Amino acid sequence: MQRWSRTLIPTSKQAPGDAEAPSHILLARGGFIRRVAAGVYDYLPLAWRTLRKIEGIVRDELNAAGASELLLPAVAPMDLLELTGRADEYGDLLFSFTDRHNRDVYLGPTHEEVITDLARGTINSYKQLPLNLYQIQTKFRDEFRPRAGLLRCREFIMKDAYSFHMDVDGPGGLGEGYDAMYSAYENIFTRCGLDFSIVEAEAGPIGGSASHEFMVNCESGEDTILTCPATGYAANVEKCEIGERAAPSKGWFGGGPSGNLDKVHTPECPGIEEVCKFLKVKPRHMLKTVVFEVEEFAKIETKFVAGDGKISLRVSREQQVEEMLNGPDSGLYPHFRWVVAVVRGDHEVNEGKVRDLIGHNVVLAESKCAEAAGFSIGYVSPRAPVKTDHCFLLVDRDAAVGFDDNSGKPMFWVTGGDEQDYHVKHFNWGRDLGSDAATESADASGFVRVGDVRNAEAGDPSPRDAGATLEAHRGIEVGHIFKLGDKYSRAMDFAIMDEKQERRPVVMGCYGIGVSRTLAACVEMSHDENGIVWPMALAPYHVIITVMKADDANAIGVADNLAGELADAGFDVLIDDRDERAGVKFKDADLIGVPIRLTIGDRALAEDSVEFKLRADPGKGELVKMSGVVAACQKAAG
RNA sequence: CGGGGCGUAGCGCAGUUUGGUUAGCGCACUUGACUGGGGGUCAAGAGGUCGCAGGUUCGAAUCCUGUCGCCCCGACCA
């Protein structure tokens with residue numbers, strides 16, 4: 001048991017002025033956290049108690065799943081990250097510095113390299129696999145913009161687990177280990193009392209690997225998830241497929257124009273929204289064109305090569321691109337540099353789908369580079385690729401339409417004029433693309449392709465059930481499990497002998513839980529206008545005993561006795577012994593969200609009772625005989 | 001990284017435009033009295049390098065220059 005007066009719970013009526021998210025406001029007001037720097041927080045005693053409870057559940061379930069806890073260092077040599085190329089990949093997200101001997105070191109944002117380094121030095125037989133190792137530790141990511149208190153911060157607590165296998169399939173394989181973690185995660189979040197969804201997630205550039213995210217269901221979440229009510233399919237919007245739809249009756253790009261191509265002056269209207277407002281058209285009649293650059297070209301930097309021994313020669317980016325596209329080694333590189341993706345104005349381009357369709361990583365083109373290549377950024381039309389070398393055109397199914405089967409009329413499209421401050425009306429694919437687009441699209445070697453390029457949205461056909469439509473919800477990602485494959489073991493040369501005496505790279509999985517984010521997500525999910533409403537499993541205290549008269553030795557004595565009994569029964573008890581007015585104590589108890597409140601005052605004491613109230617229930621509570629209090633609490637705790 | 005904004009008491013803010021007594025207000029804090037079941041009342045107090053550095057001036061929270069920190073929006077819809 002703990003007395004309020006002897007711990008630190010600095011509640012406040014006012015939240016910091018910059019707090020906006022409910023979890024940020026309530027955790028700050030409730031005296032759980034305090035900001036030290038941007039995205040860096042103190043965890044005060046209440047927060048720490050809850051964090052320890054989350055950790056306890058995590059440990060319990062992971063141990064039960066056969067994983068072993070260890071602790072890796074937060075500081076690691078940069079050399080490790082350079083082995084896998086992630087030093088560059090992380091870039092500024094990494095907290096890094098040089099030590100006194102001028103060695104580059106970093107604070108771990110995650111630990112694939114460190115654990116692989118450990119594993120390759122200690123595991124040398126297939127007989128040692130499978131193995132699952134995890135840790136609970138502070139992680140560091142120098143986010144550009146930390147926000148919403150603990151939901152996105154620069155220093156946070158994470159559980160990260162890594163599994164090692166000889167094979168992907170079969171007994172002891174990655175699939176089996178992955179499934180075990182999947183179940184463990186289900187157990188963990190269920191035991192935490194969270195309302196969550198499991199969704200298919202974007203697996204990233206490592207093709208084919210499975211990945212799932214565990215999302216706390218909450219409309220204020222940063223992530224959009226789509227679900228199919230008929231089949232239970234659920235996916236992150238970054239990943240979600242869209243069900244097949246019939247091709248338009250006149251074929252892709254088919255159908256005559258809706259009118260003469262009409263060039264209109266649209267000053268300072270680079271965005272869909274501005275154009276629609278200016279021209280009074282709906283976004284669904286716009287063709288939105290987004291210019292991407294294939295990553296291999298985008299990441300080129302100006303380099304210096306040896307010259308005559310004294311002066312190094314500067315090789316510009318453009319020169320290198322030219323070399324890669326047309327030089328003798330051009331076969332080693334993609335044969336196009338630009339990708340123009342076209343979607344309907346009311347849709348959003350999905351970068352992952354673009355990547356999958358063309359088979360290369362892409363990044364949004366930097367405006368300057370794209371403009372140098374002839375794109376009028378803000379006013380690009382689907383015709384731009386025709387006039388640009390090494391450019392691929394990717395058109396979404398909903399945009400590659402020339403005839404509107406619903407209205408029986410030609411599609412009316414507005415799109416960019418390929419000229420600063422100009423758009424065109426009555427764009428027609430067949431007439432204006434300047435080539436036989438339909439033929440091109442059927443031919444894999446052509447520069448045009450039609451496909452699923454956009455983000456799914458509510459109302460789209462389900463990819464798993466022909467009749468069903470997708471629903472959209474929001475969520476907060478608290479867990480992510482991932483089949484890594486051999487990405488890290490290959491990069492770090494971690495291969496061991498199998499039973500056939502063949503040396504093979506080890507197959508890995510990784511599994512993360514944002515422990516501190518889980519705390520915040522729980523508050524986002526479960527609060528009311530008076531404060532936090534903790535589920536029993538995560539509450540910093542299960543019971544708060546509110547003593548009405550803190551200077552009444554008898555009342556305090558009763559509270560102590562009761563707290564002792566409850567503690568013996570396994571409850572965490574906080575006694576509010578502060579010399580405050582009743583209103584203050586009740587407000588604070590509600591604010592910090594303790595599930596059970598027992599009030600000791602004259603009226604109840606006269607009847608040898610206490611007032612029993614659940615945080616989640618409205619109203620004033622009821623009198624319970626002293627002898628029945630423990631039983632009542634046990635009943636409430638389930 | 002682009003745009004916008006803010007740094008004044010533990011927290012939330014006013015004052016800065018137009019330089020001028022001792023820099024204010026609310027909450028919180030301390031002491032006392034009254035009060036006593038949903039953020040009390042009265043009284044008395046304590047608490048400030050006005051982010052930092054430099055400059056202008058008889059005089060700077062206020063004007064100028066620089067710098068640091070923080071927040072919001074956008075950065076994938078051009």
Side-chain angles (χ1 to χ4, degrees), chain A residues 10-21 24-25 28-29 31 34-40 91-92 144-149 154 237-238 266 268-276 283 286-293 339-355 362-371 375-381 384 396 399 415-416 418 420-421 423 453-455 530-531 546-552 555 576 578-591 597 599-605 610-611 613 618-621:
Chain A
T11 58
S12 165
K13 273 201 267 194
Q14 283 162 325
D18 49 47
E20 288 179 353
H24 188 188
I25 292 171
R29 283 192 52 213
R34 208 175 141 87
R35 201 180 64 81
V36 177
V40 179
D92 291 337
F144 256 141
R145 191 149 82 82
R147 71 190 100 175
R154 299 198 296 167
V237 67
E238 293 168 0
T266 50
E268 286 170 43
C269 290
I272 294 290
E273 210 174 302
E274 292 92 0
V275 180
C276 289
M286 298 276 311
L287 289 173
K288 175 155 56 178
T289 52
V290 181
V291 182
F292 293 95
E293 187 171 6
V339 179
V340 170
V342 180
V343 298
R344 228 166 60 187
D346 57 332
H347 289 150
E348 294 179 19
V349 176
N350 182 303
E351 197 174 307
K353 292 179 179 179
V354 171
R355 178 197 64 216
V362 294
V363 295
L364 193 70
E366 206 184 307
S367 329
K368 275 183 197 160
C369 287
E371 278 173 358
F375 294 106
S376 301
I377 293 302
Y379 304 89
V380 177
S381 89
D396 187 67
T415 191
D418 287 324
Q420 184 80 30
D421 293 339
H423 281 80
V453 178
R454 66 173 175 90
N455 279 347
N530 293 316
T546 303
V547 182
M548 299 310 302
K549 289 183 182 170
D551 54 357
D552 177 347
D576 189 352
R578 294 174 302 165
D579 183 19
E580 288 288 354
R581 298 177 66 85
V584 173
K585 293 186 168 196
F586 290 145
K587 286 286 185 192
D588 273 350
D590 286 351
L591 178 60
R597 190 185 77 200
T599 307
I600 295 182
D602 289 340
R603 291 205 300 253
L605 277 182
V610 297
E611 185 183 291
K613 181 185 176 300
K620 293 275 181 188

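Computation of the quantities below employed the complete heavy-atom set of this structure, encompassing side-chain atoms and omitting hydrogens, waters and symmetry-equivalent molecules. Everything quoted here is computed from the prediction, not taken from an experiment. Order of the sequence lines sets the chain letters (A, B, ...), proteins ahead of strands, with each chain counted from 1.
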Tell me which nucleotide, if any, is Watson-Crick or G-U wobble paired with [N] when both distances must be under 3.5 Å.
N	result
B/C6	B/G69
B/G74	B/C1
B/C25	B/G12
B/C63	B/G55
B/C42	B/G32
B/G47	none

Which part of the nucleic acid, if any, lies within contact of [X], taking any heavy atom under 4.0 Å across all strands shown: a base, the sugar-phosphate backbone alone, or nothing?
X	value
A/R597	base
A/K620	base
A/P16	sugar-phosphate
A/R454	nothing
A/N350	nothing

[atom1] gap between [N] and [M], integer Å:
N	M	atom1	answer
B/C13	B/G7	P	9 Å
B/C52	B/U35	P	47 Å
B/C27	B/C72	P	28 Å
B/G48	B/U22	C1'	13 Å

Consider the side chain of [X], meaning its heavy atoms from C-beta on, and name the nucleotide among [options] that approaches it most closely.
X	options	value
A/M548	B/C11, B/G39, B/G37	B/G37
A/E580	B/G36, B/G39, B/C29	B/C29
A/A582	B/G38, B/C70, B/G37	B/G37
A/R154	B/C70, B/C27, B/G10	B/C70

Figure out the CG/P separation between A/D18 and B/G69, and round it to whole Å.
->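 Rounded to the whole Å, the gap is 17 Å.
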Nearest-angstrom distance from the residue atom CG of A/D552 to P of B/G36 =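 Distance check: A/D552 CG to B/G36 P gives 16 Å.
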Side-chain (A/R154) to main-chain (A/A38) donor-acceptor, under 3.5 angstrom =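 Yes; at least one donor-acceptor contact below 3.5 Å.
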Applying side chain to side chain contact (heavy atoms under 4.5 Å, CB included) between A/T546 and each of A/R597, A/E611, A/K613, report the one that passes.
->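 One option only clears the test, and that one is A/R597.
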Phosphate OP1/OP2 of B/G40 contacted by A/R581 side-chain N/O (<4.0 Å) |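 For B/G40, OP1 or OP2 has a side-chain N or O of A/R581 closer than 4.0 Å.
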Side-chain heavy-atom pair A/T599, A/K585 within 4.5 angstrom cut-off =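 A/T599 vs A/K585: side chains apart.
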